[in-house]
**Student:** 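Starting off with a structure, shown below.
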Amino acid sequence: MAHPYGRATALAAALLALGTALTAAPAARAGAAPARPAVTGPVVTRAGLDPALVSGRGAAVAFDEQEAENARTDGTVIGPGRTPYTLPSEASGRKAVRLLPGQYVEFTLPRAANALTVRSSIPDAPGGGGVTAPLDVTVDGRHRRTMTLTSQYSWLYNQYPFTDDPGADLLHPDWWLTECSCVPAGTTPAPILDKPFRPAHFYDEQRLLLGTTHRAGEKVRLTVPAGSPAAWTVIDLLDTELVAAPHAERGGIDVRALGADPTGRRDAAPAIERAVALARRTDRPVYLPPGTFRVDRHIVVDDVTIVGAGNWHTVLKGRQVTLAEPAPDGSRHTGVGLYGRPAAEGGSRNVHLSGFAVEGDVRERIDTDQVNAIGGAMSDSTIRGLYLHHTKVGLWFDGPLRNVRITDNVITDQIADALNLHTGVTDSLVRNNFIRNTGDDGIALWSEKTADARNTVARNTVQSPTLANGIAVYGGADTTVSGNLVADPVREGSGLHAGARFGAEPFTGTLRFTGNTTVRAGTLDLNWKIGLGALWFYALDGSIDADVRVTGDHYLDSTHNAVMLVSEYGVKDRYDIPAVHFKDIRVDGAGNSVLSARTKGSATFENVDARNVGAVGVNNCGSFHFPATGSEFALADLGGNDGGWLAPWLLPNTLTCDDRPPVVVPPAPAPWS
């Protein structure tokens, strides 16, 4: 979760390390899988899983996902691995394929397709800043195209808010570090830390229109050319889809008629602004036809409809521009973005954006910068069918505002959040969005200063947030999180999160988690060095004292715990989590426990089925006073709880506290009989 223009620093000290830092060209890791045998057909997955396991959950998307580790290759499978700061940890499904120059990975098209997306990683430049390298694409040995991969938007290092300099000294030597269990600035002799320190955010994706439609069964081969400047190329996955012909908006004001250059050579912002002004006067939509339109600053939108030809066909592409002096809001840069008027000026309303891409140029995280694709305040508005890429945050709304509907978008490769509803956003919907590779929360609702209320986050897919949570709710009233699919969080967060933190207004009314699925969540918190839950409740700034109900969720292959409820140790006697109600839950695989309770409070359980649980079903520490009467956290069995995890001897409040139980890796998730 982020600051108004980035991430708040409310957690203690620093992002803490676990695992081995990567060099620019890592050798094959011990235990890496050998090259796979020939694959006879496509293996289509969703978040690295058999789609049957997540049916009806997550975003309905137009593309088919295939993991490279399931394809034919003469490269080397890396992973599985969940240790942060390593390439497998950030890969979808925690595996990928490493190719040397001359090697390939080959996929079979499951359906007709004319477009593809490759998610990959290549090394950084020795001094940072990234490199580019070619990747050859052939279909059935013909139709050769060459993609240009880049690491210019990946490879961050060091402590929050990170740097792209692999040789940088500590950004915050006065912060406590887990690597040395010390504060480096106050330690004699000073600790020696390997560089690059804490590499992360390794992957990037590129899209390619193939120019012709290829049939199901044809082979798409990705080959690293023999002369590639990249010492290695890691392919994570391939998405393929059949992109429709460009949309033409009848009656729309074509921005080319106002002077916009569709080749991207000349600044199109003034022409687009003229089209917006004319559209408002004439009550007509603005049409962005096929092409690439250069926009290097914010375009302010209010009471206007802007329609593109489709997000594969129409691109607003900008360069990051350094301002002559910082803006009043603290921004040091500007870049491409469509912004509503600030809420303090009344905000915008009746804004409708659809059918185009926004390609930014954000390569570092500067919290004060407003370099988001969509921003400001937009009430009674819709954001639909956009592709948002390489900005800091895809959509950051600063309220108060009401009734914004954010649907059917694809948001990838963000430096911070994908989407944040910040400060007094009410009666709004976030539905059917696909999100991958954020540098902070995928979706966040942050009730800073003014409570968000009556918002719904439904049927979204969030994959591989490299920091923080998949979906996070920070305070507010009457929030529903339903039908989402969240996979592969890496560190300092988990799949689903409710946090009384970051100065948020209290939770009030209802909080509902309903029918969600998480997979490979429940990370190890690198600060506390304890396992979180795939669903994580955290009382830091106050109690979580609302009507909290969790119904129908599935927690699959959780690294540590399926559910964790915790109060910060320093406030454990002031704040608690009084009551959470769980019903109709499935837990298939937990490295530690179904429930880890580290707070005062209570929970009820009804029809909660669990299997493949590594340790005791309930790890109950209460608020760490360990009274003779039992834990300060009480459990109630309402019946129908199968799998033996909620054994009678655990009830109502038996102390079973084990701070760091060993992880027992569960088998892969399977259909529930």
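Heavy atoms only: backbone and side chains are in, while hydrogens, waters and symmetry mates are out.
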**Student:** ring-ring contact (aromatic ring centres under 6.0 Å, His included) between Y157 and F197: does it pass, once the steps are laid out?
**Tutor:** CA-CA 6 Å; Y157 308 92; F197 184 55; over 10 Å; no
**Student:** Any heavy-atom pair between the side chains of L565 and V580 that's under 4.5 Å?
**Tutor:**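 In contact.
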**Student:** Can you name the closest pair of heavy atoms from P199 and Y85 and give their distance?
**Tutor:**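 In terms of heavy atoms, the two residues are closest at O-CD2, 3.1 Å.
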**Student:** One thing to verify: whether R363 and D164 come together as a salt bridge, which I'm taking to mean a side-chain N less than 4.0 angstrom from a carboxylate O.
**Tutor:**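 Here D164 does not pair with R363 in a salt bridge, since their nearest N and O are not under 4.0 Å apart.
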**Student:** Output yes when a side-chain donor or acceptor of S89 lies under 3.5 Å from a complementary backbone atom of T86, and no otherwise.
**Tutor:**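 It does hold such a pair.
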**Student:** So, taking the atom named CG in L646 and the one named CZ in F582, what distance separates them when rounded to the nearest 0.5 Å?
**Tutor:**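 If I round to the nearest 0.5 Å, the distance is 11.5 Å.
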**Student:** Is a side-chain donor-acceptor pair under 3.5 Å present for K219 with T108?
**Tutor:**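 Looking only at side-chain atoms, K219 and T108 do form a donor-acceptor pair, the distance falling under 3.5 Å.
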**Student:** What are the two closest heavy atoms between G483 and N516, and how far apart are they?
**Tutor:**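 Reported closest heavy-atom pair: N-OD1, 3.2 Å.
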**Student:** Does a side-chain N-to-carboxylate-O contact under 4.0 Å join K195 and D165?
**Tutor:**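 Judged by the 4.0 Å cut-off on N to carboxylate O distance, K195 and D165 do not form a salt bridge.
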**Student:** Please step through salt bridge (charged side-chain N to carboxylate O under 4.0 Å, His left out) for the pair R46 and D64, ending with a clear verdict.
**Tutor:** CA-CA 8 Å; R46 292 186 62 206; D64 294 309; over 6 Å; no
**Student:** Can you see which heavy atom on P666 is nearest to which on G589, and at what distance?
**Tutor:**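 Looking at all heavy atoms of both residues, the closest pair is CB-CA, 3.6 Å.
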**Student:** Of all heavy-atom pairs between V616 and L650, which one has the smallest distance, and what is that distance?
**Tutor:**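 Nearest heavy atoms, V616 then L650: CG2-CD2, 4.1 Å.
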**Student:** Under 4.5 Å between any side-chain heavy atoms of D588 and N612, yes or no?
**Tutor:**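 Heavy-atom side-chain distance check passes, below 4.5 Å.
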**Student:** Between D441 and A468, is there a donor-acceptor pair closer than 3.5 Å when you use the side chain of the first and the backbone of the second?
**Tutor:**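 No; judged by distance alone, with no hydrogens or angles, the pair does not exist.
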**Student:** In terms of side-chain heavy atoms, does T45 have a donor or acceptor partner in E65 at a distance below 3.5 Å?
**Tutor:**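 Yes, because at least one side-chain N or O of T45 sits under 3.5 Å from a partner of the opposite role on E65.
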**Student:** Is it true that a side-chain atom of E90 and a backbone atom of L87 form a donor plus acceptor pair closer than 3.5 Å?
**Tutor:**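 No, because the side chain of E90 does not come within donor-acceptor range (under 3.5 Å) of the backbone of L87.
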**Student:** Any donor and acceptor pair, going by atom type alone, linking the side chain of D236 with main-chain N or O of S120 inside 3.5 Å?
**Tutor:**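 Checking the backbone N and O of S120 against the side chain of D236, no donor-acceptor pair under 3.5 Å is found.
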**Student:** Please determine, by modelled atom types, if T146 and D136 share a side-chain donor-acceptor pair under 3.5 angstrom.
**Tutor:**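 Note: T146 and D136 side chains meet the donor-acceptor criterion.
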**Student:** Could you measure the distance from the CG atom of L485 to the OG atom of S55? Nearest 0.5 Å is fine.
**Tutor:**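 Nearest 0.5 Å value for the CG-OG distance: 11.5 Å.
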**Student:** Mind listing the closest non-hydrogen atom pair of P80 and K95 along with its distance?
**Tutor:**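 That closest heavy-atom pairing would be CD-CE, 3.7 Å.
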**Student:** Taking side chain as C-beta onward, heavy atoms only, is P229 less than 4.5 Å from P134?
**Tutor:**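 Side chain of P229 against side chain of P134, heavy atoms only: contact under 4.5 Å found.
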**Student:** For V457, is there any backbone N or O sitting under 3.5 Å from a side-chain donor or acceptor partner on N484?
**Tutor:**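 Yes, the answer is positive, given that a donor and an acceptor are paired below the 3.5 Å cut-off.
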**Student:** For side-chain contact (heavy atoms from CB on, under 4.5 Å), just list the numbers for L222 and V137, CA-CA rounded to whole Å, side-chain angles, deciding distance to a tenth of an Å, and then say yes or no.
**Tutor:** CA-CA 5 Å; L222 309 178; V137 181; 3.8 Å; yes
**Student:** With respect to I411, which candidate in L388, I443, D417 satisfies the side-chain contact (heavy atoms from CB on, under 4.5 Å) definition?
**Tutor:**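 Of the listed residues L388, I443, D417, the side-chain contact (heavy atoms from CB on, under 4.5 Å) partner of I411 is L388.
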**Student:** Please tell me if the side chains of L467 and R491 come closer than 4.5 Å, counting only heavy atoms from C-beta onward.
**Tutor:**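 Yes; the side chains approach each other to less than 4.5 Å.
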**Student:** Look at the side chain of D204 and the backbone N and O of S151, then say whether any donor-acceptor pair between them is shorter than 3.5 Å.
**Tutor:**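 Side chain of D204 to backbone of S151, a donor-acceptor pair under 3.5 Å: no, none is there.
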**Student:** Is there a donor-acceptor pair closer than 3.5 Å between any side-chain N or O of D609 and the backbone N or O of D642?
**Tutor:**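 Indeed, once roles are kept as given, a pair shorter than 3.5 Å links the two residues.
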**Student:** Would you give the length of the straight line joining atom CD1 of I78 to atom CZ of R94, rounded to the nearest 0.5 angstrom?
**Tutor:**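 That separation rounds to 12.5 Å.
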**Student:** Please test Q414 against T391 for side chain to side chain donor-acceptor pair (under 3.5 Å), starting from the C-alpha separation and ending with a verdict.
**Tutor:** CA-CA 6 Å; Q414 300 294 309; T391 53; 2.7 Å; yes
**Student:** Please work out whether the ring planes of F202 and W155 are parallel, tilted or perpendicular, with thresholds of 30° and 60°.
**Tutor:**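 Plane angle over 60°, so perpendicular.
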**Student:** Distance check, rounded to the nearest 0.5 Å: S121 atom OG versus L149 atom CG?
**Tutor:**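 The CG atom of L149 is 9.5 Å from OG of S121, to the nearest 0.5 Å.
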**Student:** With a 4.5 Å heavy-atom cut-off, do V139 and E218 have their side chains touching?
**Tutor:**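 V139 vs E218: side chains touch.
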**Student:** Is it true that the side chains of N592 and N619 contain a donor and an acceptor less than 3.5 Å apart?
**Tutor:**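 There is no such pair (donor and acceptor under 3.5 Å, judged by atom type) between the side chains of N592 and N619.
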**Student:** Is it true that T138 and R221 share a donor-acceptor pair across their side chains at a distance under 3.5 Å?
**Tutor:**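 Not at all, the side chains of R221 and T138 share no donor-acceptor pair under 3.5 Å.
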**Student:** Using a 4.5 Å cut-off on heavy atoms from C-beta on, say whether the side chain of S482 contacts that of F513.
**Tutor:**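 They are not in side-chain contact.
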**Student:** Output a table of donor-acceptor pairs, distance under 3.5 Å, between side-chain atoms of residues 432-439 and any protein atom two or more places apart or on a different chain; print 'none' if there are none.
**Tutor:**
residue : atom : partner : partner atom : Å
N432    : OD1  : A60     : N            : 2.7
N432    : ND2  : A60     : O            : 3.2
N432    : ND2  : D408    : OD1          : 2.9
N433    : OD1  : D408    : N            : 3.4
N433    : OD1  : N409    : N            : 3.0
N433    : OD1  : N409    : ND2          : 2.9
N433    : ND2  : I406    : O            : 3.0
N433    : ND2  : R431    : O            : 3.2
N433    : ND2  : N460    : OD1          : 3.0
R436    : NE   : E205    : OE1          : 3.0
R436    : NH1  : D239    : OD2          : 3.3
R436    : NH2  : E205    : OE1          : 3.2
R436    : NH2  : E205    : OE2          : 3.4
R436    : NH2  : D239    : OD2          : 2.7
N437    : OD1  : R119    : NH2          : 3.4
N437    : ND2  : Y203    : O            : 2.9
N437    : ND2  : D413    : OD1          : 2.7
T438    : OG1  : D440    : O            : 2.6

**Student:** Any sub-3.5 Å donor-acceptor pair from S494's side-chain atoms to L496's backbone N or O?
**Tutor:**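 No; judged by distance alone, with no hydrogens or angles, the pair does not exist.
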**Student:** Checking S92 against E67: is there a side-chain donor and acceptor pair closer than 3.5 Å?
**Tutor:**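 On atom types as modelled, these side chains qualify, holding a pair under 3.5 Å.
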**Student:** Go through it in stages, so that I can follow the logic: the residues are E106 and R72, the test is salt bridge (charged side-chain N to carboxylate O under 4.0 Å, His left out), and I'd like the CA-CA distance, side-chain angles, deciding distance and then a yes or no.
**Tutor:** CA-CA 5 Å; E106 184 177 87; R72 182 183 179 190; 3.7 Å; yes
**Student:** Can you tell which of R586, R520, R611, R82 makes a salt bridge (Lys or Arg N to Asp or Glu O under 4.0 Å) with D557?
**Tutor:**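 So the option named by the test is R82.
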**Student:** Can you tell me how far CG of L524 sits from OG1 of T83, rounded to the nearest 0.5 angstrom?
**Tutor:**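 Atom-to-atom, T83:OG1 and L524:CG are 9.0 Å apart.
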**Student:** If you round to the nearest 0.5 Å, how far is CD1 of I415 from OH of Y153?
**Tutor:**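 Spacing of OH (Y153) from CD1 (I415) equals 10.0 Å.
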**Student:** Return the minimal non-hydrogen interatomic distance between N620 and T656, and the atom names on each side.
**Tutor:**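 That closest heavy-atom pairing would be N-OG1, 2.8 Å.
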**Student:** Within the side chain of H497, is there an N or O that forms a donor-acceptor pair under 3.5 Å with the backbone of W536?
**Tutor:**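 Yes, because the side chain of H497 sits within donor-acceptor range (under 3.5 Å) of the backbone of W536.
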**Student:** Under a 3.5 Å distance rule, please check whether Q152 uses its side chain to pair with a backbone N or O of T150 as donor and acceptor.
**Tutor:**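 Side chain of Q152 to backbone of T150: no pair is present.
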**Student:** Do P110 and T240 have side chains that get closer than 4.5 Å, going by heavy atoms?
**Tutor:**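 The answer is yes, as the side chains (C-beta and beyond) meet within the 4.5 Å cut-off.
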**Student:** Centre of W528's six-membered ring, under 6.0 Å away, within 45 degrees of the axis: is that where NZ or CZ of R660 sits?
**Tutor:**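 The answer is no; the distance or angle limit is not met.
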**Student:** Determine, step by step, whether F162 and H201 satisfy the side-chain contact (heavy atoms from CB on, under 4.5 Å) criterion, reporting the C-alpha distance in whole Å, the side-chain angles of both residues, the deciding distance to 0.1 Å, and the verdict.
**Tutor:** CA-CA 10 Å; F162 319 117; H201 205 61; over 6 Å; no
**Student:** Is there a side-chain contact between V118 and I235 in this structure, where contact means two heavy atoms from C-beta onward sitting under 4.5 Å apart?
**Tutor:**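 Sidechains of I235 and V118: in contact.
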**Student:** Quick one about T148 and Q206 (side-chain donor to acceptor, distance below 3.5 Å, no hydrogens or angles considered), yes or no?
**Tutor:**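 No, T148 and Q206 have no side-chain donor paired with an acceptor closer than 3.5 Å.
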